[in-house]
Amino acid sequence: MQNFEFIPTLNQKENSNIFRFMKSHDISSLEQLSQKANSNLEWFWKEVEQYIGITWDKPYNKVLDLSKGLQFSKWFTQGRTNIYKSSVEKFSKINPDKIAYTFVSEDGTTSKLTYLELDKKVCKLANALKLLGVQKGDVIAIYLPMMEESILAILASAKIGAVQTVIFSGYSSESLQIRLQDCNAKILIVSDGFQRKGKGISQKNIITNAIKNTNIKKIIVVPYKGIDVYEKSKNTLNYNDLVSSQSDICQTEITESEDPLFILYTSGTTGKPKGVVHVHGGFSVFAGYQAAFLIDTTENDIILWPADIGWITGLVWNVYGLLIQGASAVIYDGAIDFPNFNRIWDMLQFFGVTIFGISPTAVRIFKKNNVQPQALHSLDKIKNIPTTGEPLDEDSWRWLYEKVGNKKIPIMNLSGGTEIGGAMLSVFPGMKLKPSTVGIPCPGMNLDVYDDNGNPVREKDGYLVIKSTWPAMTRGLLNDNQRYLQTYWSRFENIWFHGDYVFVDSDGLWYMKGRADDVINISGHRMSTSEIEHTAISHRKISDAASIAIPDDITGEAIVLFIVPEGGKEENLENEISRHISEKIGKLAKPKFVYVLSDLPKTRTGKIMRRLLKAKLLNLVLGDLSSLENPQVLDEIPKLNQKIF
């Protein structure tokens with residue numbers, strides 16, 4: 001393995017939340033912290049809860065209850081807490097004039113909310129929802145872009161004990177309808193359209209069709225960009241009219257620790273989406289822990305992380321974790337490269353951002369277009385650069401480290417999931433780093449790497465598993481606990497199988513190798529699609545790549561690689577890349593076919609849809625395309641004749 005490329009300063013190590021926590025417990029290293037935390041989960045999570053400062057209406061009598069088994073563990077039992085009290089309500093009293101949010105839309109419209117103003121607006125919406133008959137436990141669906149009312153709707157739902165489900169605003173009518181039906185939502189909050197890359201985006205037809213055969217009683221329309229026109233009626237209400245006459249004082253509902261807070265659907269590619277359930281108590285503690293210990297958020301920080309609230313990343317870092325720490329966020333509703341590549345860097349400089357979150361896909365876009373952030377912008381206030389969403393290749397890591405961080409700032413690569421409630425692997429303050437590492441397991445989460453037979457392995461690829469419970473572990477799957485047990489608990493006995501393929505090096509640093517179902521088996525040799533793709537991207541002529549497996553009569557499976565060149569198409573690029581991969585990995589990894597595309601099929605959040613590459617190539621049913629951002633790319637993919645393989 002290569003040497004460490006980032007060595008933290010003493011200040012970066014010691015001037016952090018997690019170091020202060022360790023020092024208060026006479027713990028000298030992250031390794032010692034993990035050992036102590038994993039050997040005594042109840043001690044650790046109780047101490048974390050107290051450090052974070054969760055507000056309890058009634059103290060819990062037990063940290064962890066395993067009476068129904070590890071799969072259905074409960075946390076902070078008999079305690080009563082509402083996450084709103086530990087976040088907005090707390091800081092509206094402690095620091096009322098502190099800016100909580102700055103909202104920026106693509107056309108440049110900007111607004112700000114202090115913690116006190118945020119609390120008052122949340123109260124007005126909360127009172128309006130109660131006036132509509134919303135009761136504790138009712139489900140409110142939020143289908144909004146990244147705007148002020150999105151945050152208000154999330155928080156108002158939590159405040160009155162309703163269950164929110166945030167549905168990504170780019171989803172199709174069918175995707176929206178399936179989720180509304182599954183969670184039995186009563187209220188749907190929408191906008192009158194938004195903008196992307198200067199174009200107006202209408203949602204009215206999507207919404208009109210989606211609510212058919214659902215239990216939606218009221219639609220609340222938020223005036224935003226005026227693209228859609230809704231006629232006011234008994235069941236279609238104008239947001240401003242609804243809240244304008246309401247009081248800005250509203251009592252926060254007392255909720256049990258295990259009362260549901262939100263349902264968030266995984267962005268499944270085929271089949272019915274999974275409704276992940278998170279609760280007030282456990283998620284409050286875990287979200288605060290993630291914000292404080294992983295990316296080192298304090299009250300003095302300003303976060304800009306273009307992560308949609310329809311994903312767990314957005315809910316943890318832009319909403320709950322942020323607010324539990326009393327920090328500030330810049331919420332941007334628009335394309336990060338519009339009207340040009342300076343947009344995001346302009347905002348980082350103008351607002352004095354200290355924590356800048358970015359996805360690997362966005363990094364590759366900037367890298368591909370030779371963006372030089374430091375050349376025109378002062379980014380000296382940034383202290384941490386978190387990234388998540390998919391494996392981060394070494395070249396992209398170096399681009400972030402050198403071009404954005406000026407070789408002085410840690411790349412806080414992390415990995416988790418909706419069902420996790422955030423991250424399970426992360427870089428922590430004070431760590432020495434190698435390119436693309438995803439750090440170490442989060443203390444208090446007992447992770448391991450298993451082979452096919454359930455034996456722990458190191459310095460070779462294996463399956464990521466979790467051997468203990470944690471506070472934000474999903475409370476089953478909505479309406480389908482059999483699927484929950486089958487998906488996460490059936491591979492190894494009493495072990496959470498997450499489906500990630502990982503590697504741990506001799507220094508104990510972890511690396512993501514892709515999804516277990518993206519592992520290609522060639523003549524009995526396993527290799528991950530991630531390894532193949534990262535090797536392809538390391539070639540100077542390639543900006544993006546995706547690999548899949550197809551059946552092969554000789555080797556069982558064969559590799560097909562799709563590449564996006566840096567510039568225009570070049571002659572023999574396919575052969576050049578094949579040789580490059582063979583030289584870097586070995587002859588076994590040589591692709592059977594290499595295809596050049598103008599882009600890769602991706603979701604609106606930038607994830608590569610490999611299943612569509614495979615389905616198109618093999619002339620299979622494409623399935624759900626609702627989350628596909630660029631369907632025209634599919635026309636560039638050839639169809640293989642069956643006799644070829």
Side-chain angles (χ1 to χ4, degrees), residues 83 87 141-144 146 150-151 153-155 157-158 163-171 175 179 183 260-269 273-295 297 303 305-325 329 331 355 357-361 386-391 412-426 438 442 445 464 466 470-478 484 487-488 496 498-500 512 515 603-607 627:
I83 199 168
S87 53
I142 301 165
Y143 184 63
L144 292 170
M146 294 290 286
S150 304
I151 308 295
I154 290 169
L155 296 170
S157 300
V163 182
Q164 79 222 218
T165 184
V166 183
I167 301 169
F168 176 53
S169 59
Y171 270 145
S175 296
R179 289 157 174 78
C183 68
L261 168 63
F262 65 85
I263 300 162
L264 191 60
Y265 287 90
T266 56
S267 51
T269 52
K274 295 175 291 186
V276 171
V277 181
H278 287 295
V279 299
H280 277 266
F283 190 78
S284 292
V285 175
F286 199 71
Y289 161 82
Q290 300 259 304
F293 286 2
L294 276 60
I295 64 170
T297 311
I303 296 178
W305 194 334
D308 195 280
I309 50 171
W311 315 118
I312 193 67
T313 302
L315 282 178
V316 171
W317 310 113
N318 282 326
V319 188
Y320 290 121
L322 170 94
L323 296 173
I324 286 171
Q325 284 299 100
I331 303 294
I355 299 176
I358 186 171
S359 71
T361 295
T387 179
T388 190
E390 58 187 305
M412 318 294 279
N413 197 8
L414 49 90
S415 181
T418 307
E419 311 90 324
I420 303 297
M424 56 187 161
L425 286 161
S426 181
V438 75
C442 295
M445 298 187 72
L464 185 153
I466 311 177
W470 65 97
M473 185 175 79
T474 180
R475 299 325 194 243
L477 293 176
L478 186 67
Y484 164 68
T487 302
Y488 304 106
W496 176 286
H498 195 67
D500 283 328
M512 301 303 297
R515 296 291 295 169
T603 66
R604 293 175 175 87
T605 56
K607 290 189 177 181
S627 59

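In what follows, residues are counted from 1 in the order of the sequence shown.
Distance alone, capped at 3.5 Å, places no donor-acceptor pair between the Q164 side chain and the A153 backbone.
Ring geometry for W496 against W470 counts as perpendicular: the plane angle is over 60°, on a 0 to 90° scale with 30° as the lower cut. Ring geometry for Y488 versus Y484: interplanar angle of 30 to 60°, hence tilted.
Rounding to the nearest 0.5 angstrom, the gap separating the CG atom in L414 from the OG1 atom in T313 is 7.5 Å. Atom CD1 of I355 is separated from atom CD1 of I303 by 4.5 Å, given to the nearest 0.5 angstrom. Atom CD1 in I142 sits 11.0 Å away from atom CZ in F262 (nearest 0.5 Å).
Shown here are the side chain to side chain contact (heavy atoms under 4.5 Å, CB included) partners of T165, two or more places apart in sequence or in another chain: V139, A141, I167, C183, I263, Y265. In terms of the side chain to side chain contact (heavy atoms under 4.5 Å, CB included) criterion, residue partners of S175 (sequence neighbours excluded) are, by chain and number, Y171, S172, R179, D624, S626. In this structure V438 satisfies the side chain to side chain contact (heavy atoms under 4.5 Å, CB included) test together with N413, S415, L425, W510, M512, sequence neighbours excluded. By the side-chain hydrogen bond (donor to acceptor under 3.5 Å, both in side chains) test, W317 is found to be paired with no residue, residues two or more places apart in sequence or in another chain being considered. Taking the ring-ring contact (aromatic ring centres under 6.0 Å, His included) definition, one finds that Y143 meets it with nothing, sequence neighbours left out. With sequence neighbours left out, the ring-ring contact (aromatic ring centres under 6.0 Å, His included) criterion links H280 to no other residue.
Side-chain contact between T487 and K274 is present, with at least one heavy-atom pair separated by less than 4.5 Å. A heavy-atom distance below 4.5 Å is not found between the side chains of L294 and M412. Between W305 and L322, the closest side-chain pair of non-hydrogen atoms is not below 4.5 Å. With a 4.5 Å cut-off on side-chain heavy atoms, I83 and L323 do not count as touching. Side-chain atoms of F168 and T603, non-hydrogen and from C-beta on, never get closer than 4.5 Å to each other. Looking at heavy atoms from C-beta onward, N318 lies out of side-chain contact with W311 at the 4.5 angstrom threshold. Between I331 and I309 the shortest side-chain heavy-atom distance does not fall below 4.5 Å. V319 has its side chain within reach of L155: a pair of non-hydrogen atoms, C-beta onward, lies under 4.5 Å apart.
Aromatic pair F286/Y289: ring centres closer than 6.0 Å.
Closest of all the heavy-atom pairs between F283 and G421 is CE1-O, 3.6 Å. For the residue pair Q290 and C442, the shortest heavy atom distance occurs at NE2-SG, 4.3 Å. Minimum interatomic distance between L261 and A158 (heavy atoms only, all atoms of both residues): CD1-CB, 3.7 Å. Here the shortest heavy-atom pairing between P386 and I295 reads CB-CG2, 3.7 Å. When all heavy atoms are compared, the tightest approach of I358 to T387 is O-OG1, 2.7 Å. Among all heavy-atom pairs drawn from H278 and I420, the shortest one is CE1-C, 4.3 Å.
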Taking it one step at a time, do I324 and T297 satisfy side chain to side chain contact (heavy atoms under 4.5 Å, CB included)? CA-CA 10 Å; I324 286 171; T297 311; over 6 Å; no
Test side chain to side chain contact (heavy atoms under 4.5 Å, CB included) on L464 and M424 and set out the steps. CA-CA 10 Å; L464 185 153; M424 56 187 161; 3.8 Å; yes
